[in-house]
Asker: 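Here it is, the structure, as structure tokens.
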Amino acid sequence: MQLLTEIARVRQLVNENRRRGKSIGFVPTMGYLHDGHLELMRQARQQCDVVIISIFVNPLQFGPSEDFNRYPRDLERDLKLAATVPVDAVFHPQAAEMYPPGFSTHVDVAGLTGCLCGRSRPGHFRGVATVVTKLFNIVQPDRAYFGQKDAQQVLVIRRLVEDLNLPLEIVTVPTVREADGLAMSSRNVYLSPQERAAAPVIYQSLLAAREAVRQGEKNVARLAEMVQRQISSAPGARIDYCEIRSLPHLEEITHLAGPALLAVAVRFGQTRLIDNIVLEG
Ligand code: AMP
């Protein structure tokens, strides 16, 4: 497994493999890897000849009051985990390699980014869309793998790939969860033992909503209120947003009539967790 820190070295590796007719799978991450990340890599391993991952905590997608500085980082551990998949190369650039002085071009995906995490985290998806576009141009993958855990992110990236005619396929991988249902996240390490014990309420409330739909509830306001009530009852939980929106355009809806995304963001202390579930209307 190669560790590459320079864009030119990645291009070299990609060119060699392209010349030999090899397909390339790509998994972008911010590191502090867990089984959710590894599942993306395993799928890439099964479907592509060469697997490249990136580990880059992208400053552009963090707001000024967010957790960029304290975001967990452990490259040694990440390299060991990636080697178990195994992956062929890890691209781990410094911020200056990605954003040299004078950098001034950004990618904005309108519409989809005005709600949910886009509303709570202004500029977040601009940072994501910009870095992902750059990474796609550097790695030139045939397929790139993203987690359903970040449902709005996948929709934004699918949109930008279509709008900018990028020649690759986006593969969405289902959310990987802890045994008690908590969605795996690098940020789970921030949780105190009490917060960690309470956090599974998030997924429990999503499952309860799905069950209510199964029993015939179609009213979006009632479903959202049910979820909010259940989450708010957990000690220390503060809801950032809890919304049900249409798929794939994330439009406001009042009644379920087709697939919809139930998405939540919940704070426990300083830690902001997100999760979602698709409701079949
Ligand atoms: P991150 O390092 O948080 O930027 O995540 C990198 C990729 O892993 C993104 O496509 C995420 O959606 C995906 N991912 C993160 N957590 C999970 C999870 N629990 N299950 C599946 N995919 C995940």
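Whatever order the structure lists ligands and atoms in, that order sets their numbers, starting from 1.
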Asker: In residues 3-11, what donor-acceptor pairs under 3.5 Å come from side-chain atoms, sequence neighbours left out?
Answerer:
| unit_1 | atom_1 | unit_2 | atom_2 | d |
| --- | --- | --- | --- | --- |
| Arg9 | NE | Gln12 | OE1 | 3.3 |
| Arg11 | NH1 | Asn137 | O | 3.2 |

Asker: Given side chains that start at C-beta, do those of Arg229 and Ser205 come closer than 4.5 Å, heavy atoms only?
Answerer: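 Side chain of Arg229 against side chain of Ser205, heavy atoms only: no contact under 4.5 Å found.
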Asker: Above 12 or not: heavy atoms from other molecules or residues under 6.0 Å from CD of Gln94?
Answerer: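 Result for CD/Gln94: open.
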Asker: Residues in side-chain contact (heavy atoms from CB on, under 4.5 Å) with Cys48, at least two apart?
Answerer: Ser23, Arg143, Tyr145
Asker: Anything under 3.5 Å between an N or O on ligand 1 and a protein N or O? List each pair with its distance, or write none.
Answerer:
| unit_1 | atom_1 | unit_2 | atom_2 | d |
| --- | --- | --- | --- | --- |
| ligand 1 | 2 (O) | Met30 | N | 2.9 |
| ligand 1 | 2 (O) | His37 | NE2 | 2.9 |
| ligand 1 | 5 (O) | His37 | NE2 | 3.4 |
| ligand 1 | 10 (O) | Gly147 | N | 3.0 |
| ligand 1 | 12 (O) | Gly147 | N | 3.2 |
| ligand 1 | 12 (O) | Gly147 | O | 3.2 |
| ligand 1 | 12 (O) | Asp150 | OD2 | 2.6 |
| ligand 1 | 16 (N) | Met184 | O | 3.4 |
| ligand 1 | 19 (N) | Val176 | O | 2.9 |
| ligand 1 | 19 (N) | Met184 | N | 3.4 |
| ligand 1 | 19 (N) | Met184 | O | 2.9 |
| ligand 1 | 20 (N) | Val176 | N | 2.8 |

Asker: Do Arg238 and Phe268 form a cation-pi contact, if we require the NZ or CZ to be under 6.0 Å from the six-membered ring centre and within 45 degrees of the ring's axis?
Answerer: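 Here Arg238 fails the 6.0 Å and 45° test against Phe268.
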Asker: Applying ring-ring contact (aromatic ring centres under 6.0 Å, His included), name anything that partners Phe68, two or more places apart in sequence or on another chain.
Answerer: Phe62
